[in-house]
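Since the model is a prediction, treat every value here as computed from it, not as a measurement. As a basis for the values below, the full set of heavy atoms in this structure was taken, side chains included, without hydrogen atoms, waters or symmetry mates.
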Amino acid sequence: METTSVLGTKNKKGQVYTDTAFMMNEAPRTTSFYTGSEVIKEAIRRASVDVMIAYPITPQSEAAALIGELFAEGYIGDYFRGESEFAVMSQCAGAAFGGARVFTTTAGPGTMRGMENFPMCAGARLPIQMIVTCRGINSPLSIQPDTIEISYLLQTGMLVWHGETAQDFYDWILKGYMVSEEPEVHLPLALCCDGFFVTHTKDIVNLTPSDMCLPP
């Protein structure tokens, strides 16, 4: 059976579907000064995401809103808000079952509310990517950075990565799809960071060209 590669062709935004090894290892990089949330947006601009499902909770709300701008610009196939964090994770599963490349963001109590779905997504081998901007679980009442939720995620069967810088976030969002969609892996990925320290502070980040994107 003949197969046709999309590498070298363009999407509707004029981005070129680029070999992942070239894009991440050899393509020229432009130095920028962005917050972690802005970096998430720039990575998703280049990730050929089909569906982004959002629900607000500090400190990931800004990233979810910025990705909504990408939808308005035509870089994402579909974008909508779920009814709750549990609903968001269920909707992510439904989209992934349908073959979509899926992205979402969550944090703290939101992660805990969606927790029931994570082992299901891992057991069903759904390569969903989720940004977790880790924060306190509200006991005592706090939105300060914490890593309690990571300890729970480690027991779900998901891949769990911890980025310490905005550069980690940029590279690992793109590499996350490259890894999680491998047939030998095919697992959801929780890409975690310390909320606020990464999401709301600016850092120097080296970005690949915006006219290159991951193949679908």
Side-chain angles (χ1 to χ4, degrees), residues 36-37 39-44 47 49-64 66-67 76 82 84-97 100-138 143-182 184-200 214:
S37 296
V39 164
I40 294 170
K41 175 185 179 181
E42 290 307 311
I44 296 303
V49 169
D50 297 306
V51 177
M52 160 65 184
I53 305 173
Y55 192 83
I57 188 171
T58 303
Q60 60 84 13
S61 302
E62 182 181 28
L66 290 171
I67 295 169
I76 296 176
S84 68
E85 291 91 347
F86 180 86
V88 166
M89 301 311 164
S90 301
Q91 291 157 337
C92 286
F97 271 123
R101 179 175 289 165
V102 184
F103 186 80
T104 192
T105 54
T106 190
T111 308
M112 304 305 291
R113 190 171 188 192
M115 188 67 64
E116 181 181 340
N117 283 294
F118 302 148
M120 179 275 292
C121 293
R125 314 298 287 212
L126 302 177
I128 298 161
Q129 186 166 167
M130 175 178 73
I131 291 291
V132 186
T133 58
C134 299
R135 52 162 278 191
I137 308 295
N138 281 1
I143 60 170
Q144 295 305 308
D146 205 332
T147 53
I148 294 173
E149 58 207 285
I150 295 177
S151 65
Y152 288 92
L153 290 168
L154 289 170
Q155 311 305 317
T156 64
M158 300 176 71
L159 301 173
V160 180
W161 297 357
H162 187 269
E164 296 186 356
T165 66
Q167 187 70 60
D168 288 345
F169 250 15
Y170 179 78
D171 290 335
W172 294 1
I173 287 171
L174 297 170
K175 291 180 179 180
Y177 283 118
M178 296 160 60
V179 171
S180 65
E181 293 176 1
E182 279 292 316
E184 295 85 356
V185 181
H186 234 264
L187 288 169
L189 167 64
L191 177 50
C192 306
C193 77
D194 291 344
F196 298 105
F197 290 135
V198 176
T199 58
H200 286 61
L214 296 183

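When every heavy atom of F118 is checked against every heavy atom of T111, the shortest pair comes out as CE1-O, 3.5 Å. Considering all non-hydrogen atoms of both residues, A190 and V132 come closest at CB-CG2, 4.1 Å. When every heavy atom of W172 is checked against every heavy atom of Q129, the shortest pair comes out as O-OE1, 4.0 Å. Taking all atoms of both residues into account, the shortest heavy-atom contact from P127 to E181 is CB-CG, 3.9 Å. Here the shortest heavy-atom pairing between I44 and I173 reads CD1-CG2, 3.8 Å. Between G82 and I53 the shortest heavy-atom distance is N-CG2, 4.1 Å.
Side-chain contact check for T165 versus V198: every heavy-atom pair is 4.5 Å or farther apart. Side chains of C134 and D146 form no contact here, defined as non-hydrogen atoms less than 4.5 Å apart. T147 has its side chain within reach of D194: a pair of non-hydrogen atoms, C-beta onward, lies under 4.5 Å apart. Side chains of Y177 and L189 form no contact here, defined as non-hydrogen atoms less than 4.5 Å apart. The shortest side-chain heavy-atom distance between V51 and Q91 does not fall under the 4.5 Å cut-off. A 4.5 Å side-chain heavy-atom check between P59 and I143 finds every atom pair outside the cut-off. Annotation: side chain of M115 is not in contact with side chain of M89 (no heavy-atom distance under 4.5 Å). A heavy-atom distance below 4.5 Å is found between the side chains of L214 and R101.
R113 contributes no side-chain N or O that, together with a main-chain N or O of G108, makes up a donor-acceptor pair within less than 3.5 Å. Proximity of a side-chain donor or acceptor of S180 to a complementary backbone N or O of H186 within less than 3.5 Å is not detected.
Side-chain contact check for T133 and Q60: no donor-acceptor pair (N or O, by modelled atom type) lies under 3.5 Å.
The pair E149-R135 does not count as a salt bridge, with every side-chain nitrogen at least 4.0 angstrom from each carboxylate oxygen.
Within 6.0 Å of CZ in F196 there are more than 12 heavy atoms belonging to other residues, nucleotides or ligands.
A distance of 10.5 Å separates CE in M158 from CG in L191, rounded to the nearest 0.5 Å.
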